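Read through the structure below, which is laid out as structure tokens, and then see the notes.
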Amino acid sequence: MDDMDDDDAPLVFRRGGKSASRQSQSNAEAKRTPSSSHNVNGQSSNGQRKASPLRSPITNSKSPMSSEIKQMPKQNASSAVRVEIKSVKSEKKSQVDDEDSEDDKPLSSRLKGAANNVKKEVGGPSHVKKEDSDDDDDDLPLASRMSTKPNHLSEKKPLASKLQQNGSSTSNTNKMKTPVVPNKRPMEKSNSSDQSSAKKQKLSVPSSTTKAKPAAVKAEEKADDDDDIPISQRIKKATVSARKPSSANTKATKVVSSSFKKANMKNTKQMKKSKFSKSTKVQPGSTDGQRKWTTLVHNGVIFPPPYQPHGIKILYKGKPIDLTPEQEEVATMYAVMKDTDYMQKPKFLENFWNDWRRILGRNHVIQKLDDCDFTPIYEWHQQEKEKKKQMSTEEKKAIKEQKMQQEEKYMWAIVDGVKEKVGNFRVEPPGLFRGRGEHPKMGKLKRRIRPRDITINIGKDAPVPECPIAGESWKEIKHDSTVTWLAFWNDPINPKEFKYVFLAASSSLKGQSDKEKYEKARMLKDYIHNIRAAYTKDFNNKDKDPTKRQIAVATYLIDKLALRAGNEKDEEEADTVGCCTLKVSNVECIPPNMIKFDFLGKDSIRYENTVEVELPVFKAIGQFQAGKGENELLFNALDTSKLNAHLKELMPGLTAKVFRTYNASITLDQQLYEETEEGDVAEKVVVYQKANKQVAIICNHQRTVSKTHDSQILRLTERIETAKQELKELKIDLERAKKGKPPLKGADGKQKRNLSPEAIEKKIASANQKIEKYEMDMTTKEDLKTVALGTSKINYLDPRITVAWCKRHEVPIEKIFNKSLLAKFAWAMDVDPEFRF
DNA sequence: AGTCGGACTTAGCACCACCGCC
DNA sequence: GGCGGTGGTGCTAAGTCCGACT
């Protein structure tokens, strides 16, 4: 066991604690501006907004589809899904849905009393082994890990004739009271509880048994080594190690599982219904070729309604101008964007003008955008919005319902006999392109998509969806079972690219690949030690060929800082970078060994971070910069395909993005393990949020500060002040009451009524509580104002970590996952409580 | 080896309904 | 009861990565 000495722990994640100050200022400009905090009204005129399908009942028998197939019993959308484990025994279904009142409390109150800690700094880590990647003999850790346990999922039989349904609401399971579980770490490799299915599929392509050999880096059973510690954590290592596993684990696990039995059974049932199990099982067999499905039935896509001219005239040089409906439509798109930041961008105006002008025609009266006044249309649009707002609840409901009816049939697909939700069955309405950051195409007209633009993918034996627009027809019908899309069209802005219609996140297909993603990331845990050793060796070795050295440094950065790979981009896109495309100007070496990063990453979100790095890395980066212009590539010998090709030699299936998943998930896992203490649910939820936040910071998931942030803070400050004043008075009153004197007049000048000292003491206590709560709300708010927690929860955090933690700590899962996430992560719900990432 | 088409994941923001607070 | 604030949801842009083709 070689120790990660903490001398290499110093990566400073400045972004952690200082986020508030960092952001407040940089956000406005660094972060892309468009529409950010603006009320963009655009969409609404053409843009379809409709009732959320998730909210709707799923058993609408009017749907042609639903009449074709039997549906699963209606699920109880409102009943909470509780974390459960399935198991062995006969089941008793006590369907008591004893919602405990705790669950219904708002977040704010849950936070109470807890989270001052939210503020804490993200530890600055680093590690990097300084040892050789030795012993080559322990391959296939994954394989063995995975096969250790049977997959209970696979034991389930699909309900033969019934159509199963994935998606919308979760089934009504009973809430289970989770037993308390000792906070121990389970035995390393035995926790692969439900992994069996995951080892097939892509991961197995270069199965660890076979090919994984390559460049020396192998998985290694290291009993104790903190390479698998998340970046942000390594620093804490000493403390951690004290808590490492023990032989007691087995016992703990056992006890737990048995105490879960009852619930397990329910869950088994539920799984049948929700049926992820089935596809999970089906998939493997389908490893034949790349087949993703065997039968696929759906109804195609729905189009936005045709444009309804409103006849409102714009003014040109002060005079009203007649426009054709087509011209008016585009003018309206522009008019309604008045309040957005796009209007300040010359590129946007230029692009819009070019496209609109084409529609107006060369010889149109309108010759200059500057002379146009779109206010009449803008105002008309505001009025329309207002009218909509004023509609009665019933009217709104009726409209919603109608829309619902129209759309119901498009909402579902039947994949291998299972009814699954379709993700985006609405064709994108026309509009002006809202590229992010300084996108060269912003403002261009995104033309209307017609059936002739759309290719449909459907099962061979399934009926071809009827084209919803009379007299028109689909571009093409395909029957390609190696892909998961139901339809696509070429992006009108960039015709080389496509827009796809996929199944919803709750579908088995998506669930399956999600699971595979996390399994791959978990696999990295077994390889990471040697990978780190390898790149350390490589960047230390100065005679190494430059490519190799660049690869080593790039890998280091991707690992340490969770940078994205950084594909090359063409001129037609916003100028953003990732690791491989970092420019000389994006990094600054600050002796003795600090590196400052400053660049625009995905979505033109600014990444600004100063970190301490290994000295060899520092030197190497300096050398990569030497003799280059500011605008040249730092890693000139590298691109993502070379980098990924290299990574694949280190671990089957490894690519740059796996590091992000790995570091995010393992950080959560460890944080939860280390930080969760005895306490009430609210306190535990705070621990979770704190861990979540840490991950969001690592991944640089930002959001714009809400428009009302400042006023919210102000309001809280005022409340705190008022409460403090009250407290002061109460204290005086208390003293007086003790002496039998009446209270003083209040701040409002009114005489207060006499109260006993006890009563006043009570009031004091509650005032104190109130102040505490307000202060905490304020801290949390300030702290999270630029941090987006959702993205990591949705995309980077293995849900099994969360579910297992909830089980261990008796936290109702819906405290953490909302309805969509519960549906999306259905596959993770039966995880063993002792699961570790 | 490099390019490009293709498929799929990841991302932040707009909008709206709902809920708690005053 | 009204209103502000928030969480959930939908939307679609912008990434990653693979593999076929040249």
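These values consider heavy atoms only, across backbone and side chains, with no hydrogens, waters or symmetry-generated copies. Each chain gets a letter, A, B and so on, in the order the sequences are listed, and its residues count up from 1. Note that the structure is a prediction, hence the values are computed from the model and not measured.
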- Nucleotide nearest H439(A) when distance is taken to its side chain, options dG5(C), dA14(C), dA11(B): dA14(C)
- Query: Among dT10(B), dA7(B), dT9(C), which is the nearest nucleotide to the side chain of S820(A)?
  - Reply: dT9(C)
- How do D639(A) and Y500(A) order along DNA chain B: which one's closest nucleotide is nearer the 5' end? D639(A)
- Task: Determine whether K499(A) and D491(A) make a side-chain contact, defined as any pair of heavy atoms from C-beta on separated by less than 4.5 Å.
- Result: yes
- Note on the structure: Protein-proximity profile, nucleotides 17-22 of chain C, B/S/- by nucleotide at the 4.0 Å heavy-atom cutoff, equals BS----
May I have the distance from [X] (atom [atom1]) to [N] (atom [atom2]), rounded to whole angstrom?
X: F433(A); N: dC11(C); atom1: CZ; atom2: P; result: 18 Å
X: K569(A); N: dC4(B); atom1: NZ; atom2: P; result: 17 Å
X: E726(A); N: dC22(B); atom1: CD; atom2: P; result: 11 Å

State which residues pass side chain to side chain contact (heavy atoms under 4.5 Å, CB included) with [X]; sequence neighbours excluded, sorted by chain then number.
X: H479(A); value: I458(A), K460(A), I477(A)
X: N567(A); value: T640(A)
X: E401(A); value: none
X: S641(A); value: D639(A)

- Report yes if at least one side-chain N or O of H701(A) is closer than 4.0 Å to OP1 or OP2 of dA11(B); otherwise report no. yes
- Message: At less than 4.0 Å, is any side-chain N or O atom of S513(A) found next to OP1 or OP2 of dT9(B)? Yes or no.
- Response: yes
- Of the residues in residues 487-499 of chain A, which ones touch DNA chain B at a heavy-atom distance under 4.0 Å? K496(A), F498(A)
- With DNA chain C as reference, determine whether N818(A) or R564(A) sits nearer its 5' end, using the nearest nucleotide of each. N818(A)
